[in-house]
Amino acid sequence: MMHLNLFLFGCGHHRAAWRHPDSAVEQLGDIRYYERLAQTAERGKLDAVFFADGQSTGNVADGSYWFLEPLTAMAAMSRATDRIGFISTVSSTFFTPFHAARMMASLDHISNGRMGWNVVTSMFDVEARNHGYEAMPAHAERYRRAEEFVDAVIKLWDSWQTDALVMDRAGHYADPDKVVPINHHGEFFLVDGPLNVPRPPQGHPVLFQAGASDQGRALAAKCAEAIYAVAYDLPAAQDYYRDIKRRVQATGRGVDVPIMPGLVTYVASTEAEALAKQRELDELLPAAASLRQLSTYVGQDCSGWELDAPVPALPSLDAFTGPKGRFATILRIIETEQPTVRQLLGRLAAGGGHCTMVGTPESIADRMELWFHHEGADGFNLMPPSLPAGIEDFVDQVVPELQRRGLFRTEYEGSTLRDHLGLTRPE
């Protein structure tokens with residue numbers, strides 16, 4: 001079966017979604033908003049809700065995407081649901097292993113085994129300067145730290161054996177022989193342990209990873225139990241999918257790690273209506289600010305570009321001297337979709353380099369099925385351009401079509417996130 005996660009992000013993944021008259025921008029600090037979104041995702045039988053996280057504000061004038069701290073919010077959301085999983089970003093750069101292990105273990109107990117953690121290294125100096133660093137550590141150092149971080153967290157969860165709690169009123173609360181120090185003394189962390197929370201219901205909350213660099217892929221192959229990915233089209237998705245599957249197999253872990261690229265969808269009963277939804281959000285973008293941002297992406301002044309005209313000619317990828325990853329995606333969008341300038345700004349404002357599908361439930365299910373059956377994806381990390389409408393449209397229209405085709409569950413078969421993802425419980 002296909003795996004589907006809902007990636008929650010403010011009022012939606014389109015940068016102008018908060019400006020829409022039907023947005024929930026006034027509710028971003030209200031936990032009931034997030035609880036309703038999780039309940040909608042659970043109604044659709046999705047595997048999990050995913051929260052990214054950031055350690056700085058970004059451009060507050062352009063809509064704040066951070067309001068409630070994700071781990072705190074997930075504690076409440078788990079109490080408003082029964083089956084759906086919850087996954088949050090955990091920064092190995094700014095957290096300590098003991099802190100992360102304790103919070104995730106507690107949340108796994110609170111949710112009865114529905115937690116996952118997406119390990120990231122963080123990347124921006126503006127975040128570093130909120131945590132005592134002058135600047136971010138070098139890329140290679142961040143990944144060495146991340147690998148050691150994961151190792152120490154797992155050791156802490158394993159410091160309690162599953163049957164350590166005996167609760168014998170005439171004897172021990174816990175068997176001291178089954179709660180042991182880990183004595184981790186590494187390059188970055190000193191952690192004696194044991195953890196002060198008993199072993200999580202899942203053994204380990206599920207470990208997600210999303211690195212695209214060579215070091216990120218190596219860490220994913222070695223540690224990850226599920227992977228988030230970025231892919232604009234099926235060939236790009238296949239390249240990443242096949243590389244990661246090969247790397248996982250080479251580790252000898254003997255597991256099949258599900259890979260879930262991000263997916264932005266505009267869904268309606270006709271393609272014309274879906275395109276109208278996309279254009280409605282695109283037209284809410286502040287043009288001057290969006291063109292300034294595009295200028296930084298393409299290395300030239302775009303302020304005079306006409307919004308509803310074709311995109312002017314850009315240099316080839318080989319001739320471009322700036323960051324090539326995003327520029328390559330922009331060139332692919334232009335070549336494949338032949339957008340106007342306004343449409344290009346909208347594509348970059350909603351998911352950036354992630355795949356975008358616009359159309360009817362049937363046409364979107366067709367493309368998802370194509371990726372699923374041709375080594376492009378084991379499922380998708382859904383990135384609704386607007387919330388709550390975007391996930392309601394998907395759950396009410398696309399999920400039934402996937403179920404009709406036998407591609408997605410009609411009921412949950414288990415109660416934990418590991419059950420949903422087909423993962424075994426580590427002993």
Side-chain angles (χ1 to χ4, degrees), residues 1-18 20 22-24 37-38 40-50 52 228-234 236-237 259-282 284-285 329 332-333 336-337 339 343-344 346-373 376-405 407-409:
M1 288 287 173
M2 193 178 285
H3 297 292
L4 296 174
N5 287 185
L6 166 61
F7 182 175
L8 288 185
F9 199 55
C11 295
H13 285 266
H14 195 293
R15 196 173 295 116
W18 71 276
H20 194 280
D22 294 334
S23 85
L37 290 171
T40 299
E42 186 169 65
R43 176 164 60 82
K45 313 304 178 186
L46 271 60
D47 294 58
V49 170
F50 167 55
Y228 291 136
V230 179
Y232 167 71
D233 54 17
L234 180 55
I259 296 173
M260 289 168 268
L263 176 62
V264 179
T265 58
Y266 296 86
V267 188
S269 57
T270 68
E271 185 173 348
E273 290 175 26
L275 288 166
K277 286 185 178 183
Q278 185 182 33
R279 182 174 180 85
E280 185 178 24
L281 285 177
D282 291 351
L284 292 172
L285 281 169
T329 298
R332 286 206 304 276
I333 292 172
T336 306
E337 303 177 25
Q343 289 170 332
L344 176 62
R347 283 287 282 105
L348 297 174
H354 291 278
C355 179
T356 296
M357 299 183 185
V358 185
T360 64
E362 295 77 14
S363 69
I364 288 173
D366 284 344
R367 292 181 63 189
M368 294 174 70
E369 185 172 7
L370 181 69
W371 283 46
F372 183 63
H373 285 316
D378 296 310
F380 297 89
N381 194 26
L382 303 175
M383 303 169 62
S386 64
L387 290 170
I391 188 58
E392 291 169 350
D393 289 343
F394 192 92
V395 164
D396 293 336
Q397 299 178 58
V398 181
V399 166
E401 180 62 23
L402 295 172
Q403 291 170 332
R404 187 185 67 78
R405 301 179 187 204
L407 294 170
F408 193 63
R409 69 172 67 88

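Here the closest non-hydrogen pair linking Ala350 and Tyr266 is CB-OH, 3.6 Å. When all heavy atoms of Ala274 and Gly359 are compared, the closest pair comes out as CB-N, 3.6 Å. The minimum heavy-atom distance linking Met1 with Arg409 is given by the pair SD-N, 3.7 Å. Taking each heavy atom of Val264 and Pro385 in turn, the nearest pair found is CG1-CD, 4.0 Å. Between Ala41 and Leu6, the shortest heavy-atom contact is CB-CD2, 4.0 Å. Of all heavy-atom pairs between Glu401 and Pro361, the closest is CG-O, 4.0 Å.
Note: Leu387 CG to His13 NE2 = 7.0 Å, rounded to the nearest 0.5 Å. The distance from atom CG of Leu37 to atom CD1 of Ile391, rounded to the nearest 0.5 Å, is 8.5 Å. Rounded to the nearest 0.5 Å, atoms CE (Met260) and CG (Leu382) are 10.5 Å apart. Between Asp393 atom CG and Thr265 atom OG1 the span is 8.0 Å, to the nearest 0.5 Å. If you take CZ on Arg279 and CD on Gln343, they are separated by 7.0 Å, rounding to the nearest 0.5 Å. Rounding to the nearest 0.5 Å gives a distance of 6.5 Å between CG of Leu284 and NE2 of His20.
The pair Lys277-Glu273 does not meet the salt-bridge criterion, since no charged nitrogen lies less than 4.0 angstrom from a carboxylate oxygen.
No side-chain heavy atom of Val267 sits less than 4.5 Å from a side-chain heavy atom of Asp396. Looking at heavy atoms from C-beta onward, Met368 lies in side-chain contact with Ile364 at the 4.5 angstrom threshold. For the pair Val395/Glu42, no side-chain contact is recorded, criterion being any heavy-atom separation below 4.5 Å from C-beta on. Between Leu4 and Leu402, some side-chain heavy-atom pair lies under the 4.5 Å cut-off.
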*Between Gln397 and Thr360, is a side chain to side chain contact (heavy atoms under 4.5 Å, CB included) present by the stated rule, with each step listed?*
CA-CA 8 Å; Gln397 299 178 58; Thr360 64; over 6 Å; no

*Give the C-alpha distance, both sets of side-chain angles, the deciding distance and a yes or no for side chain to side chain contact (heavy atoms under 4.5 Å, CB included) between Phe408 and Lys45.*
CA-CA 9 Å; Phe408 193 63; Lys45 313 304 178 186; 4.1 Å; yes

*asked:* I'd like to know whether His354 forms a side chain to side chain contact (heavy atoms under 4.5 Å, CB included) with Met383, so could you lay out the CA-CA distance, the side-chain angles of the two residues, the decisive distance to 0.1 Å, and finally the verdict.
replied: CA-CA 9 Å; His354 291 278; Met383 303 169 62; 3.5 Å; yes

*Stepwise salt bridge (charged side-chain N to carboxylate O under 4.0 Å, His left out) check, Arg367 with Asp233*: CA-CA 10 Å; Arg367 292 181 63 189; Asp233 54 17; over 6 Å; no

*Decide yes or no on side chain to side chain contact (heavy atoms under 4.5 Å, CB included) for His14 and Gln278, but give the supporting numbers first.*
CA-CA 9 Å; His14 195 293; Gln278 185 182 33; over 6 Å; no

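Under the rule for a side chain to side chain donor-acceptor pair (under 3.5 Å), Thr40 has no partner lying at least two apart in sequence or in another chain.
For the pair Asp378 (side chain) and Ile259 (backbone), a donor-acceptor distance under 3.5 Å is present. Side-chain atoms of Asn381 never come within 3.5 Å of backbone atoms of Pro261 as a donor-acceptor pair (strictly under, hydrogens ignored).
For Glu271, the CD atom sits in a loose shell: 12 or fewer heavy atoms of surrounding residues, nucleotides or ligands are nearer than 6.0 Å.
Aromatic pair Tyr228/Phe50: ring centres closer than 6.0 Å.
The aromatic rings of Trp371 and Phe380 are tilted relative to each other, their planes meeting at an angle between 30° and 60°.
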